[in-house]
Structure formats: C-alpha cells, structure tokens
Amino acid sequence: MTSILPDLIDATQTTEEAFLKHIFVRDQMAEWSKQPLVMARADGVYYWDVEGTRYLDAISGIYVVSVGHNNRRVIEAIKQQLDVLAFSPPMHGTNPLAVQLANLLAELAPGDLSTVKFQCGGAEVVEAAIKLARQYHRLTGSPGKYKIISRYQSWHGSTLAALSASGLKSRKTVNEPLAPGFVHVFPPTCYRCPFGKTYPSCEITCATLIEDVIAMEDPATVAAVLVEPIGHTSGVSDPPEEYLPILREICDRHNVLLIFDEIITGIGRTGRMFAAETFGVTPDIVCIAKGLSSGYAPLSAMICRKPIAEAFWGPISENPGFVEGHTFEGNPISCAAGIAVLREILERDLLQNARDQGERLRRRLVELAGKYPQIGDVRGKGLFQAVEFVRDRTTRARFPESTSFGARVGRRALANGLLCRFDPHWIAFGPPLVVTAEQIDLMVAILDRSLGEVISEIERAGKIEG
Ligand SMILES: Cc1ncc(COP(=O)(O)O)c(C=O)c1O
C-alpha cells in the first residue's frame, strides 16, 4: 500500500495564522504573526517575501550571505557536488571536500591556526571549542582546568553550553539553571563603560580585570577566555585597540586558551578574512560560521593552533583523540559551498570591497548622526557597523524601554523595504561583502527616512498628550 503525502499548503497561505500555529520562529509568535515576514526568494542584495514585497538586505540575512544571494558560482558548485556525493559516513571517515576546505582554511587563518573541526552552526562550534579547551588541558597535565570566562551581553548560541557562556539575560533566564563552570566579566562597552571610566585614562580596566578574575577563580581551574572580537548583542562594541592584545598576554601568563567567536566577524566582515587580523591578535581557537557558506548550506568551523592539535595525536593507549562530533559534520555539500565562497571572496577581492564600502557606510552613518541628535554613537569595523540611539546626547540617557526607539525605527525601515538588525537601543548594518556604493547610500537613505518618520510620530504624539 502506498501512503499519500497530505496536501501542501500554498506559499501564499504561509502567512496565515492558522498555518503559522504549526511552527515556532525565533520571535514572539503572537506579535510576529500579526505581520509575519516569510521570504520567498532572493537575488544579489535583495529579498522578496511571499507577497512580492522587496527588501534591501542590509544584514546579509543575519550576517550570513557574504557573497550575495543567488550567487551562481556557489550554486553551481553545490549542484555539481550533489551529483557526486551528498553525504559521507562521519563515524568512519570524511570526504575530499572537507579535507580540501580544512587545508584552505589552514592557509588563510592567521598564525598557526591550522586544524579544523567542521559543524553545521555557530553554537555547535562554540561547544566544540569549549570541549577542545577542556580536553587539551586534560591531555597536557592540567585536568583541573575547566572554567570558561566569557562576557556579559555576549551571544554564543542557543545550545546549553554556548548559552551558559552567553551573557544575555533576556535569552538566559528562561532557560536557567544553565551549565556550571562559566564565569562572566564585563565587556568593553566604552560608550557606556561598566566601570564609569573614559578611554584611554581607564587603562583598559575591562581587560586587566580579567587577570584578577582568573586569580580569584584559581588559574588551575580556568581553561579558556571566550570573546567575540566585536561584541554584537551589546550593540556592536568594538574594543579599544589594546583590549585583545592584553587578553592575549593574560591568557599566555596563566596557560589559559584564548577563544575568538568570529561567527559574525569571520570571513571578511571586518575587511580582513578574520577579525583576528583586523586586531592583530591570534587566538588559540577561532570559531567561524555564518559567512563561511554564505547560507547556501549549513556550515561552521572551529580552527585551533598547531600545538593544541598536536596534543590530540598521541598513541591510542593514552590518547582518545578529540571526543566530539555530529552526524552532519564536514558534509560534502556544505564544504563545496564553503570552498566556492572562499574562491569568490578571494578572486573578486571582496575583502577590499568590504573595507571600501565599510568606510563609506561609516561616513554615511556619521553624516546621519550630524542630522539626528538621537544618534549618540556610531561604531564597528568594516561592513559591521551600528548606531546607538539616545534621548539626550549630552548625558547619553536612553529612551525609556517602553518607547523601544531602535526597534520602532527598525520596524519602520522594514516597512520601507530595508532589512537591518534592530534592538530597543541600536540598529546594526552588516550587508553582503558584494554590496556596492549605491546600495550603501540607499540603505542609509532608507534609515534616514525611517528615523525621520519615527521622530515626527513621537513628537506629534507628545504634542497631543500635551
Ligand atoms: C557571535 C555569535 N556566536 C554564535 C552564534 C550562534 O550561531 P548559530 O545561531 O549558528 O548557532 C551567533 C548567532 O547569531 C553569533 O552571532
């Protein structure tokens, strides 16, 4: 007897609440389903939703689509690979594409970062990095080192250890209790220094204090310090230039591994292949994801330094190797996409484009700050830039939570055809690395219009309320 697939609903029905009741998205469902965004197709730097509305993609989906939508080179590479091998047995070996991509990454990564573990998503490689750090210490005579120091306001992913390392209370509290062994420190949010200091007279307290935290926790228990080179969920906080070099020195002094979560900043976003190069600091382990496959297939990678990898090569009698793995790791389709993306970035010199267009984006946002006193700060590197909103630029006072100013501007921008990342207090841009000067200007022009509309609305409401 053959069973029949139940009827599929039509694409146009996928915005109807009755059908959306069967899926969880990452937003608050009741709110989101009032105006659901369901994307149907994409090309270059544009998306179209199922109703045919076009959106300029100022955020690469979510910092993912590095080489643009509908990139023919990547699509052809995937099609060719599908005809040859779609899945290889991960418990018994790997496949040529995974080994080729690992070797490419080893060439491209700074310093001796040269051994790769592939996974599908960001959180998975953060988990892998945490496990690698702990197993490395166990193999090298420091089995008591297990604690991970990470930062408040950070985001490392939704799985339990990545979430435990993260520092966003809005995403953590509902899932507590989380895993033990995670210690949090304050991030370098200079515009709102957690220590009430000002750069450079602060002498980078947020970095130097990490040494005190290691001492208080007992260095014999600390495995790694895990940071995003540029903190995203704190509102795109790029640290002062001394910050990461200080972390490097502290970690070296205490046999603590330095892990960079470059899941957003890696693969060209800051204008170099890795933000580690932008900041001139090589971590012991780097995690990349999002832009690595440009979203054409799920792909992430953790890359570690040579001496760390070597610790996992001992004889089987005393060394179990790296105990970590998932079914879809090193998937040949994903790796084919990764290779094609890297080829596209290097052959088209998209790193230079990211630097050029990043400068232009910064200039345009600074110009906008000249027009709107509600923009208190402009920050970021390359094609990863944000503006923070304030009610009063002198005092840096924020709009009340209830105003949700940034989210309001972001939603208005969406209604005006611009997709960006928004939060109650800031808006971020992270367009594809293929973005042109005209597209950058258009993105900022739509933000300008949206900001103007929201401010007029608030002023009008203020007058009515008297
Ligand atoms: C900096 C950073 N790390 C880790 C993650 C987790 O990645 P994923 O959602 O692919 O698990 C994200 C996702 O947004 C991220 O921005």
Any sub-3.5 Å donor-acceptor pair from R305's side-chain atoms to D284's backbone N or O?
no
Between the CD1 atom in I23 and the CE atom in M29, the distance rounded to the nearest 0.5 Å is 7.0 Å
Counting C-beta onward and ignoring hydrogens, is there a side-chain heavy-atom pair between S60 and R269 closer than 4.5 Å?
yes
Are F260 and V227 close enough, and set up right, to give a side-chain contact (heavy atoms from CB on, under 4.5 Å), and what steps lead you there?
CA-CA 5 Å; F260 281 181; V227 295; 3.9 Å; yes
Whether over 12 other heavy atoms sit under 6.0 Å from W32 CH2
yes
Look up atom SG in C304 and atom CG in L113, then write down how far apart they are to the nearest 0.5 Å.
8.0 Å
R248/D252 ion pair, N-O < 4.0 Å:
yes
Does I440 form a side-chain contact (heavy atoms from CB on, under 4.5 Å) with L383? I'd like the steps, not just the answer.
CA-CA 10 Å; I440 291 284; L383 284 175; 4.2 Å; yes
Do the side chain of Q81 and the main chain of P332 share a donor and acceptor less than 3.5 angstrom apart?
no
Could you verify whether a donor N or O on one side chain and an acceptor N or O on the other, from Q352 and R355, lie under 3.5 Å apart?
yes
Do F279 and T265 come within less than 4.5 Å of each other through their side chains, counting heavy atoms only?
no
To the nearest 0.5 Å, how far apart are CD1 in I204 and CD in E242?
4.0 Å
Determine yes or no for a side-chain-to-main-chain donor-acceptor pair under 3.5 angstrom, with N331 supplying the side chain and A86 the backbone.
yes
So which heavy atom on I446 is nearest to which on A413, and how close?
CG2-O, 4.2 Å
Taking atom CD of Q28 as the centre, report whether more than 12 heavy atoms of other residues, nucleotides or ligands fall under 6.0 Å from it.
yes
Looking at side-chain heavy atoms only, is the closest gap between V390 and Y191 below 4.5 Å?
yes
Start with the C-alpha distance between Y47 and H69, add both sets of side-chain angles, then the distance that settles side-chain contact (heavy atoms from CB on, under 4.5 Å), and finish with yes or no.
CA-CA 8 Å; Y47 273 110; H69 301 278; 3.1 Å; yes
Distance, nearest 0.5 Å, that separates CD1 of I303 from CZ of F118:
8.0 Å
Looking at N319 and G321, would you say the former's side chain and the latter's main chain have a donor-acceptor pair under 3.5 Å?
yes
Please answer whether the main-chain N or O of E217 pairs with a side-chain N or O of K147 as donor and acceptor at a distance below 3.5 Å.
yes
Could you walk me through whether E241 and Y199 pass the side-chain contact (heavy atoms from CB on, under 4.5 Å) test, one step at a time?
CA-CA 11 Å; E241 60 181 356; Y199 177 80; 4.3 Å; yes
Please tell me whether T173 and E176 have a donor and an acceptor in their side chains that are separated by less than 3.5 angstrom.
no
Is any side-chain heavy atom of L226 closer than 4.5 Å to one of D261?
yes
Non-hydrogen side-chain atoms of Y243 and I210 separated by less than 4.5 Å:
yes
So, E359 and R362, do they make that salt bridge, N to O below 4.0 Å?
no
Calculate, to the nearest 0.5 Å, the distance between atoms CD and CG belonging to E76 and N71 respectively.
10.0 Å
I'd like to know if the side chain of T221 and the backbone of G144 have a donor-acceptor N/O pair within less than 3.5 Å.
no
Counting only heavy atoms not in F24, do more than 12 sit closer than 6.0 Å to its CZ atom?
no
Any donor-acceptor pair under 3.5 Å from S154 side chain to G167 backbone:
yes
Keeping the roles fixed (side chain from S293, backbone from G338), state whether a donor-acceptor pair exists under 3.5 Å.
no
Which one of E124, E127, E329 satisfies the salt bridge (Lys or Arg N to Asp or Glu O under 4.0 Å) criterion with K117?
E329
Can you confirm whether more than 12 heavy atoms, excluding those of E203, are under 6.0 Å from its CD atom?
no
Before we go on, tell me: are the rings of Y63 and F384 under 6.0 Å apart, centre to centre?
yes
Interatomic distance, CZ@R408 vs CZ@R411, rounded to 0.5 Å, equals 10.0 Å
Heavy-atom donor-acceptor pair, K145 side chain to P219 backbone, under 3.5 Å
yes
Pair E367, R363 - check salt bridge (Lys or Arg N to Asp or Glu O under 4.0 Å), show working.
CA-CA 6 Å; E367 281 164 19; R363 261 201 323 276; 5.1 Å; no
So do the side chains of W155 and I263 get within less than 4.5 Å of each other, counting heavy atoms only?
no
Has R138 got more than 12 heavy atoms of other residues, nucleotides or ligands less than 6.0 Å from its CZ?
no
Contact between V281 and L258 at the side-chain level, heavy atoms closer than 4.5 Å - yes or no?
yes
Please check: side-chain N/O of R379 versus main-chain N/O of E388, any donor-acceptor pairing under 3.5 Å?
no
Does atom NZ of K172 have more than 12 heavy-atom neighbours, drawn from other residues, nucleotides or ligands, at distances under 6.0 Å?
yes
Can you name the closest pair of heavy atoms from S164 and L178 and give their distance?
OG-CB, 3.3 Å
For a quick test of reading the model, state the closest non-hydrogen atom pair linking A337 to I78 and the distance between them.
CB-CD1, 3.8 Å
Considering all heavy atoms of both residues, which atom of L433 and which atom of G268 are nearest to each other, and what is their separation?
CD2-O, 3.8 Å
Look at the rings of F186 and Y152 and say which category their plane angle falls in: under 30° parallel, 30 to 60° tilted, over 60° perpendicular.
tilted
Heavy-atom distance under 4.5 Å between the side chains of L451 and I427, does that happen here?
no
Determine whether more than 12 heavy atoms belonging to other residues, nucleotides or ligands lie under 6.0 Å from atom CZ of R343.
no
Flag if over 12 foreign heavy atoms under 6.0 Å of OH, Y372:
yes
So which atom in R134 and which in A223 form the shortest heavy-atom distance, rounded to 0.1 Å?
CG-CB, 4.5 Å
How close do R171 and T233 get, counting heavy atoms only, and between which atoms?
NH2-CG2, 4.5 Å
